[in-house]
Amino acid sequence: MPRVTLTDKQRREYKAADGNKALNQALNHYKIDNGLNWPEVAVRLGVSTSSLSRWREHPEIIPLSAMRRIAALTKMEPETWAKIGGI
């Protein structure tokens, strides 16, 4: 089967989807590993539960400062941080 060349837009969309998945996995693992619920995770991040909910639905709206707090709180691996565009 021949390979299909992706457009730049498609590459960006796939990269964004991959980063969003990595971010949600990091948050979910943190929540489960620590036996927390989402309101408790929000408190640890210093944000409202509604903000955390919006961020989980639309990761592209997360401010960089909040993304750094998420990375620090979840002890995100450098590879994951790079996936979500943290470099």
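Values below: every heavy atom of this structure, side chains too, minus hydrogens, waters and symmetry copies.
A donor-acceptor distance shorter than 3.5 angstrom exists from the side chain of Asn34 to the backbone of Tyr30, with no hydrogens or angles considered. Although no hydrogens or angles enter the test, the distance criterion places no donor-acceptor pair under 3.5 Å between the side chain of Ser53 and the main chain of Thr49.
Taking hydrophobic clusters as Ile, Leu, Val, Met, Phe, Trp and Tyr residues chained together by side-chain heavy-atom distances below 4.5 Å, Leu64 shares a cluster with Ile61.
Between Arg44 and Leu36, some side-chain heavy-atom pair lies under the 4.5 Å cut-off. Residues Ile62 and Leu23 meet the side-chain proximity criterion, which asks for heavy atoms closer than 4.5 Å. Side chains of Trp55 and Val47 form a contact here, defined as non-hydrogen atoms less than 4.5 Å apart.
Between the CG atom in Asp33 and the OG1 atom in Thr74 there is a gap of 10.5 Å [rounded to 0.5 Å]. Rounded to the nearest 0.5 Å, atoms CH2 (Trp38) and CG (Leu45) are 9.5 Å apart. Between the CE atom of Met76 and the CE atom of Met67 there is a distance of 7.0 Å, given to the nearest 0.5 Å. Rounding to the nearest 0.5 Å places CD1 of Ile70 at 8.5 Å from CG of Leu73.
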Worksheet item: Between Arg11 and Asp8, does a salt bridge (Lys or Arg N to Asp or Glu O under 4.0 Å) hold up when you go through it step by step?
Response: CA-CA 5 Å; Arg11 272 191 217 97; Asp8 287 338; 2.7 Å; yes
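Glu40 meets the side-chain hydrogen bond (donor to acceptor under 3.5 Å, both in side chains) test with no other residue; sequence neighbours excluded. Partners of Ser50 by side-chain hydrogen bond (donor to acceptor under 3.5 Å, both in side chains), not counting sequence neighbours, listed by chain and number: Ser48.
Pairs of residues two or more places apart, or lying in two chains, never qualify as salt bridge (charged side-chain N to carboxylate O under 4.0 Å, His left out) while including a residue from residues 51-71.
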